[in-house]
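Structure, as structure tokens:
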Amino acid sequence: CCCCCCCRAIPPGRCRRACGGSDCDGRRCCGCGRLALGLQPHKLLGAVGCVAVAPSLLVAGNAFRLCGLVVQGVFPAQRGRRQQHIHAWSLGKLCLQLGDGLGRFRLLGLLLGLFLGFLVRHCSFARKKKKLKIPRNNTMDGFATELKKVWSLPEGESVETALYDFGCHEPSEKTIVKINSWTEAVTPFHKQDIDDQFVPPIVRVDAEGKPVGTVKDGDTVFYFDFRTDRAKPLTSCFLGIPFGGQNGGLSELAQKSPDVLFVSMTKYDDNFSKSPKLAEAFNPAEPLSDTYAEVIGREGIRQTIVAESEKWRAVTWFKDGRRNLGYQRESEDEQLITEKHPDLPITVKITRSRQVAAHIQAPQMRAAEITDLLLEAVKGGVEDVFANYANADMVGHAMTSLENFDGVVEAILVLDTQLERLVPEALKQGYVVIITGDHGNAEDMIKKGKANPAHTTNQVPFIVLGLQEGEKCTLKDDVTIGDMAPTMLHLRGLKAPGSWDRTSALQGDVKADKNRKIMRLVLDGYGVNKETEEHNAMAQAAKKKGSPLHMDRWLDGKDGAVSCTAEASGKKCGYPEGESGTTEFGHVLFDAGRNVRSDLLLIDYAIESGEFAKNKAIRKAMTNLKESKAAKLHVMGVLSDGNVHSSINHLDGILKVLKEAGVEADRVSLHPITDGRDVAGDSSPKYLQWLQDKIKEHGVGQINSIWGRGWGKDRDNRWKRIEAAYRSLVEGTAAVHVQLPE
């Protein structure tokens with residue numbers, strides 16, 4: 001029952017869900033016939049019994065000994081129903097108020113598991129928070145060894161706190177290291193199996209130990225990444241405007257954002273357009289209207305969209321045509337966020353991703369929780385269900401060494417287990433289930449004897465299950481993931497908008513029904529590789545299982561499946577020829593219903609045609625430099641040829657424009673972001689050398705800081721990592737400060 005909510009017997013904030021009350025509180029409220037409040041922490045210090053201890057504490061030599069069960073009592077995740085942690089805090093505060101306190105306080109608590117950590121973090125009378133040890137040998141190897149210790153911490157907030165403590169230091173003799181090149185700054189981390197995406201903030205300092213090239217008032221910042229989701233957090237920091245769906249933000253430790261002109265390569269978020277500081281260089285892919293979700297929403301068809309927070313933007317912003325559709329927060333607790341569209345019958349449910357340093361440490365991710373939410377939707381008979389399972393993609397990206405391959409295999413086995421839970425039940429309840437991927441990844445994890453965490457150009461599954469009796473259908477020969485939305489309207493018998501030009505993947509007899517129940521499952525990063533088994537996590541998972549995976553069975557036509565492999569990359573899907581697909585653009589294609597060209601393709605064309613140099617935002621940046629001789633231009637973005645978030649050809653184009661404009665070399669500060677996900681995890685030395693060569697070729701720019709994309713480009717609201725990267729740019733704080741030859 002919900003006694004705690006109805007009768008308010010539980011202190012405010014303790015109950016997170018409807019049935020969060022305890023046995024004692026609930027029965028007391030049910031039987032007493034009146035409002036029976038539980039122990040209220042704010043009244044504890046004035047309680048008669050507590051006040052009575054005061055004379056004893058004032059006697060020299062006496063100690064205050066606190067005994068009781070220490071637990072944070074969050075229901076139903078932790079079933080602590082005795083003394084609250086806040087009571088312990090209040091009693092300790094009383095001790096401090098009655099004398100020297102700290103020296104005479106004794107904790108004799110009966111501690112429950114990890115909640116000792118809560119006291120350490122929040123009860124200042126218990127002990128001071130321990131800082132991560134900074135090595136005193138002042139070598140890059142020493143810092144890399146210390147960071148490796150952070151990765152061994154258990155799942156939870158302690159990981160993020162330790163990373164922040166490690167990555168935010170002002171320059172001092174304890175943090176400054178002399179090196180000869182930027183390659184020397186990253187290779188020690190590779191030796192500790194820390195790949196490029198997790199390289200901590202490293203800032204260049206001068207001979208006096210002062211940071212070089214930090215962002216100041218009047219400067220210009222050019223963020224040259226074209227992909228939007230991971231560019232949002234840092235952009236929000238500089239503009240001071242939250243992006244759509246943002247949770248959290250910078251702490252009070254972060255300085256106020258400098259007054260800058262901020263140039264973004266593309267349109268990162270609708271909210272940012274309100275800022276007078278912003279200049280968008282390109283908006284090549286205009287937001288799309290009349291997406292599949294909108295079309296069926298206007299028909300009154302209920303929709304449930306499910307993902308974990310790592311893929312939140314994929315199933316909303318990107319799938320909705322790169323727009324904020326105005327979802328409104330309905331509820332939120334420690335695990336689940338629920339949002340609804342204000343006008344259309346669309347519900348979005350986001351389960352929070354696990355707080356681990358890298359997803360290879362928890363390959364199960366939130367697959368089971370996603371399945372639970374989907375089974376709820378099935379039970380409720382929701383007519384249209386869409387979900388993203390992130391395991392193959394996110395765990396695959398986190399494979400930093402060959403030893404991690406088993407973790408990717410485990411991720412695939414987790415998916416197989418969840419499909420076994422979900423699909424038969426959905427079919428039993430009359431759903432048509434369509435399963436596909438947005439790009440390849442986990443099916444080809446090793447290249448040239450090294451871990452290969454990048455996307456692939458392999459095709460992805462396209463499986464249709466649950467067609468009705470009498471529906472004799474096949475799939476056309478040239479299916480792409482862009483055919484998904486027309487296929488859905490085909491099954492529903494709804495007319496496609498005039499802006500759509502793609503056609504249904506199904507051929508044959510379909511019994512169209514507007515209210516047909518359909519479930520779409522996107523296995524992110526799940527490609528098909530029939531050429532090799534050794535490097536294929538799917539093939540190895542089947543071996544470990546001892547029988548074919550469910551996906552393999554359905555690709556073979558078992559259980560009445562109609563299946564093929566579909567194109568998810570290259571020209572057919574709007575990318576340059578030979579380019580792999582991405583999560584971002586793949587989800588755009590799922591609901592677009594039309595041919596769309598990617599940002600990468602269109603910006604490449606602008607450079608080739610000469611239009612890039614004429615761009616208004618880029619010219620505005622040049623004008624800003626000319627008007628203020630003290631102003632500098634800061635260029636930042638992912639440095640790799642992975643072409644998923646950025647392109648080194650675009651960076652080369654920027655340097656060419658600066659050279660042609662006659663910008664002085666020392667007025668351009670470069671802040672490359674190391675990749676390690678869309679390219680090999682230890683490939684940053686190659687790209688840093690490429691950039692050094694380009695600096696020499698064009699005679700402009702200097703590298704003044706680096707950090708891995710797992711810091712400032714986090715998209716799962718790990719704001720401590722984001723803040724550490726941001727502060728390195730504006731304050732010069734870092735894990736390591738380096739002095740290089742001029």
Got [X] and [Y] here, is their nearest side-chain heavy-atom distance under 4.5 Å?
{"X": "Pro201", "Y": "Ser705", "answer": "no"}
{"X": "Ile603", "Y": "Ser647", "answer": "no"}
{"X": "Arg502", "Y": "Leu589", "answer": "no"}
{"X": "Ile337", "Y": "Asn247", "answer": "yes"}
{"X": "Met265", "Y": "Ser646", "answer": "no"}
{"X": "Arg322", "Y": "Val596", "answer": "yes"}
{"X": "Asp269", "Y": "Thr235", "answer": "no"}
{"X": "Val730", "Y": "Ser257", "answer": "no"}

Sole candidate of Ile481, Val644, Asp393 that passes side-chain contact (heavy atoms from CB on, under 4.5 Å) when paired with His439: Asp393
Candidate list Asp229, Thr228, Val588, test side-chain contact (heavy atoms from CB on, under 4.5 Å), partner Trp317, passing option: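 Testing each of Asp229, Thr228, Val588 against Trp317, the sole residue satisfying side-chain contact (heavy atoms from CB on, under 4.5 Å) is Thr228.
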Pair Ser309-Ser353, side-chain donor/acceptor within less than 3.5 Å: yes
Please check if the side chain of [X] supplies one atom and the backbone of [Y] the other of a donor-acceptor pair under 3.5 Å.
{"X": "Asp714", "Y": "Asn717", "result": "yes"}
{"X": "Arg323", "Y": "Asp320", "result": "yes"}
{"X": "Asp438", "Y": "Val522", "result": "no"}
{"X": "Gln739", "Y": "Asp206", "result": "yes"}
{"X": "Lys659", "Y": "Val700", "result": "no"}
{"X": "Glu308", "Y": "Ala390", "result": "no"}
{"X": "Thr733", "Y": "Glu170", "result": "no"}
{"X": "Asp196", "Y": "Ser684", "result": "yes"}
{"X": "Arg677", "Y": "Asp675", "result": "no"}
{"X": "Asn704", "Y": "Ser669", "result": "no"}

Find the distance between [atom1] ([X]) and [atom2] ([Y]) and round it off to the nearest 0.5 Å.
{"X": "Thr480", "Y": "Met484", "atom1": "OG1", "atom2": "CE", "result": "10.0 Å"}
{"X": "Thr582", "Y": "Asp599", "atom1": "OG1", "atom2": "CG", "result": "9.0 Å"}
{"X": "Glu330", "Y": "Thr338", "atom1": "CD", "atom2": "OG1", "result": "6.5 Å"}
{"X": "Phe272", "Y": "Leu278", "atom1": "CZ", "atom2": "CG", "result": "8.5 Å"}
{"X": "Gln246", "Y": "Ile241", "atom1": "CD", "atom2": "CD1", "result": "10.5 Å"}
{"X": "Phe143", "Y": "Thr175", "atom1": "CZ", "atom2": "OG1", "result": "6.0 Å"}

Take the angle between the ring planes of [X] and [Y] and call it parallel below 30°, perpendicular above 60°, tilted in between.
{"X": "His671", "Y": "His634", "value": "parallel"}
{"X": "His455", "Y": "His397", "value": "tilted"}
{"X": "His650", "Y": "Phe226", "value": "perpendicular"}

Restricting to non-hydrogen atoms, name the atom on [X] and the atom on [Y] that form the minimum distance, rounded to 0.1 Å.
{"X": "Gly593", "Y": "Trp500", "answer": "O-CB, 3.1 Å"}
{"X": "Leu253", "Y": "Glu731", "answer": "O-OE2, 3.9 Å"}
{"X": "Tyr575", "Y": "Glu579", "answer": "CB-CB, 4.0 Å"}
{"X": "Thr583", "Y": "His587", "answer": "O-ND1, 2.9 Å"}
{"X": "Cys573", "Y": "Phe585", "answer": "O-CE2, 3.0 Å"}
{"X": "Tyr223", "Y": "Arg230", "answer": "OH-O, 3.9 Å"}

By side chain to side chain contact (heavy atoms under 4.5 Å, CB included) - contacts of Asp195 (at least two apart):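 Partners of Asp195 by the side chain to side chain contact (heavy atoms under 4.5 Å, CB included) criterion, ordered by chain and then number, come out as Gln197, Phe198, Thr400.
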Residues in salt bridge (charged side-chain N to carboxylate O under 4.0 Å, His left out) contact with Asp678, at least two apart in sequence or another chain: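 Here the qualifying residues are Arg709.
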Salt bridge (charged side-chain N to carboxylate O under 4.0 Å, His left out) partners of Glu252, counting only residues at least two apart: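 Testing Glu252 for salt bridge (charged side-chain N to carboxylate O under 4.0 Å, His left out), a comparison that skips the adjacent residues, returns none.
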Pair Val315-Ile350, side chain to side chain contact (heavy atoms under 4.5 Å, CB included): steps then yes or no: CA-CA 10 Å; Val315 300; Ile350 304 297; 4.2 Å; yes
Please tabulate, for the side chains in residues 619-628, all donor-acceptor contacts under 3.5 angstrom to protein atoms that are two or more places apart in sequence or on a different chain.
unit_1, atom_1, unit_2, atom_2, d
Arg619, NH1, Ala613, O, 3.4
Thr623, OG1, Arg619, O, 3.0
Asn624, ND2, Gly218, O, 3.3
Asn624, ND2, Thr220, OG1, 2.5
Ser628, OG, Ala631, N, 3.4

Of Glu723, Arg721, Lys720, the residue whose pairing with Tyr164 passes side-chain hydrogen bond (donor to acceptor under 3.5 Å, both in side chains):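 Exactly one option meets the side-chain hydrogen bond (donor to acceptor under 3.5 Å, both in side chains) with Tyr164, and it is Glu723.
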Lys340 atom NZ, over 12 foreign heavy atoms within 6.0 Å: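 Result for NZ/Lys340: open.
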Chi angles and distances behind the ring-ring contact (aromatic ring centres under 6.0 Å, His included) call for Phe238, Tyr726: CA-CA 9 Å; Phe238 278 102; Tyr726 172 72; 5.2 Å; yes
By side-chain hydrogen bond (donor to acceptor under 3.5 Å, both in side chains) - contacts of Thr214 (at least two apart):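 Counting only residues at least two positions away or on another chain, Thr214 forms a side-chain hydrogen bond (donor to acceptor under 3.5 Å, both in side chains) with Lys216.
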Is a salt bridge present between [X] and [Y], judged by a nitrogen-to-oxygen distance below 4.0 Å?
{"X": "Lys311", "Y": "Asp524", "answer": "yes"}
{"X": "Lys319", "Y": "Asp591", "answer": "yes"}
{"X": "Arg718", "Y": "Glu310", "answer": "yes"}
{"X": "Arg298", "Y": "Asp290", "answer": "yes"}

Give every donor-acceptor pair under 3.5 Å between a side-chain atom in residues 689-698 and any protein atom, sequence neighbours left out.
unit_1, atom_1, unit_2, atom_2, d
Gln689, NE2, Asp693, OD1, 3.0
Lys694, NZ, Glu697, OE1, 3.3
His698, NE2, Asp652, OD1, 2.8

From CA spacing to verdict: ring-ring contact (aromatic ring centres under 6.0 Å, His included), Phe590, Phe318: CA-CA 9 Å; Phe590 286 140; Phe318 295 128; over 10 Å; no
